[in-house]
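Please read the structure below before turning to the comments.
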Amino acid sequence: MGRFDRHALIAGWDQRRLAESTVVLCGVGALGNQCAQALALAGVGRLVLCDPDEVSESNLSRAPLFRAADIGRPKATVAARRLTKLSPVTRVDARTAPLVSGVGLAELRDASLVVSCLDSLAARLQLAGRCLQTGAPLLDGGTSAWGGEIRLYEPSGPCFGCGLTARDRAAQDDPWACADAVVPEAGASAPVSALVGSWLAVTAVRLLCGAGSGPGVVRVDAAGGTAAPVTPRRDPDCPLHTPIPAGLVAPVPHTVLSTPADLTDHLAPEETVMTWAPLPGSAPTRASTRLADAPPGARLADLGVAPREILPVLTTGRTRGIRYLELSEAGGKGTPR
Ligand SMILES: [Zn+2]
């Protein structure tokens with residue numbers, strides 16, 4: 001029998017659709033390991049793994065893709081290498097930058113599905129907001145001591161932020177690269193990560209195959225022996241629901257060598273390009289989100305601008321307005337959907 005022949009016997013399974021799918025998976029810790037492993041074995045065609053963190057010893061008891069020799073290496077790179085060996089049909093891209101610099105908005109928009117295996121509130125909110133900006137469906141997993149939640153958020157419905165209070169939404173969280181934070185939190189064990197990670201993967205595969213998604217949120221409690229749907233509600237005050245109008249997005253050619261100066265040709269005199277995250281570097285550049293404040297010869301990639309990012313362009317002066325530039329890979333697609 002061939003590699004995927006037994007899958008063909010499963011009602012609702014569609015190997016071709018899986019092979020044509022791209023899944024962006026953010027957070028390659030214990031949960032991300034389990035979910036990515038199952039998706040690769042299932043034959044998903046392309047995985048984009050994003051995590052700025054490195055493998056630490058505490059990962060080894062929970063993350064099946066990591067070995068002791070990997071300690072100190074980037075999680076995303078190590079996981080990508082192991083997954084490629086597990087599933088040669090899966091192309092795996094590793095992004096070792098933080099979320100906003102690792103995966104551009106256009107890449108989220110064009111993904112078949114975005115999966116969040118993040119371990120901090122701030123990172124989850126950031127990813128939820130970026131998915132809502134681009135209309136990308138988001139599958140979010142969270143673990144507790146003996147269970148967890150699997151949450152599917154469609155662009156038109158409630159989001160992760162809707163379930164939080166305004167105070168929690170505004171709260172500053174630990175950096176999301178916090179595997180070994182100063183105050184260690186109880187991490188999910190291997191069995192719980194496998195449980196929730198597998199459930200995430202099952203939900204993702206059903207969605208990608210077009211077999212339906214089931215309830216939006218499922219809460220699993222292994223201690224109580226239950227798994228039950230939860231109905232999330234849309235909070236009208238949740239500030240994350242700000243989609244970018246496709247009609248305001250203009251593609252511009254972009255390569256890994258592109259600089260802020262390359263974007264200037266596409267601007268009117270009173271326009272300025274903004275970034276989603278503060279520019280790196282020293283004052284006064286640092287903390288600015290005006291691309292004009294960066295050295296004109298610096299590469300956008302070195303300024304924390306993700307490949308295939310969509311950047312806001314503000315018009316100053318008398319006619320204030322906003323539009324967007326989409327960094328399109330030179331020679332590739334890039335037309336807004
Ligand atoms: Zn919301």
Side-chain angles (χ1 to χ4, degrees), residues 23-27 31-32 35 48 50 98-144 147-176 178 196 199-200 203-204 206-207 212-220 228-249 274-277 289 306 309-312 322 324 336-337:
V23 174
V24 174
L25 192 148
C26 300
L31 191 61
C35 184
V48 179
C50 183
L99 185 60
V100 173
S101 302
V103 184
L105 287 171
E107 199 161 24
L108 293 175
R109 178 198 63 200
D110 293 345
S112 314
L113 182 66
V114 180
V115 180
S116 162
C117 295
L118 299 164
D119 58 2
S120 94
L121 199 62
R124 279 205 174 89
L125 285 169
Q126 189 179 51
L127 182 58
R130 283 173 72 78
C131 285
L132 287 167
Q133 278 183 297
T134 54
L138 174 65
L139 181 61
D140 179 273
T143 53
S144 56
E149 286 192 352
I150 298 90
R151 318 173 184 108
L152 177 63
Y153 298 116
E154 298 286 355
S156 57
C159 79
F160 178 74
C162 288
L164 304 177
T165 62
R167 185 178 171 152
D168 282 344
R169 284 195 294 257
Q172 289 300 306
D173 204 351
D174 291 331
W176 75 296
C178 61
V196 178
W199 203 309
L200 279 175
T203 307
R206 283 184 56 81
L207 272 170
S213 58
V217 178
V218 178
R219 186 171 297 152
V220 184
V230 177
T231 305
R233 295 195 195 289
R234 172 84 165 82
D235 177 355
D237 295 327
C238 175
L240 298 182
H241 303 259
T242 52
I244 294 175
L248 295 183
V249 182
M274 309 299 288
T275 57
W276 297 110
T289 54
E309 185 59 290
I310 299 174
L311 294 170
I322 187 168
Y324 300 86
R337 196 164 58 184

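Indexing begins at 1, ligand by ligand and atom by atom, following the structure's order.
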Tell me the salt bridge (charged side-chain N to carboxylate O under 4.0 Å, His left out) pairs involving residues 232-243, sequence neighbours left out?
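Matches after skipping sequence neighbours: R169-D235.
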
E309 and R130: CA distance, side-chain angles, deciding distance, salt bridge (charged side-chain N to carboxylate O under 4.0 Å, His left out) verdict:
CA-CA 11 Å; E309 185 59 290; R130 283 173 72 78; 2.9 Å; yes

How many protein N, O or S atoms are found at a distance of less than 2.8 Å from the Zn ion (ligand 1)?
4

Which distance, rounded to the nearest 0.5 Å, do you find between the CD of Q133 and the CD1 of I310?
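Nearest 0.5 Å value for the CD-CD1 distance: 8.5 Å.
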
Inter-residue atom distance C26.SG - L108.CG, 0.5 Å rounding:
6.5 Å

Is the ring pair Y153/F160 parallel, tilted or perpendicular, if the boundaries are 30 and 60 degrees?
perpendicular

Does any part of the side chain of H241, heavy atoms only, come nearer than 4.5 Å to the side chain of C162, both counted from C-beta?
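Yes, close enough: below the 4.5 Å cut-off.
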
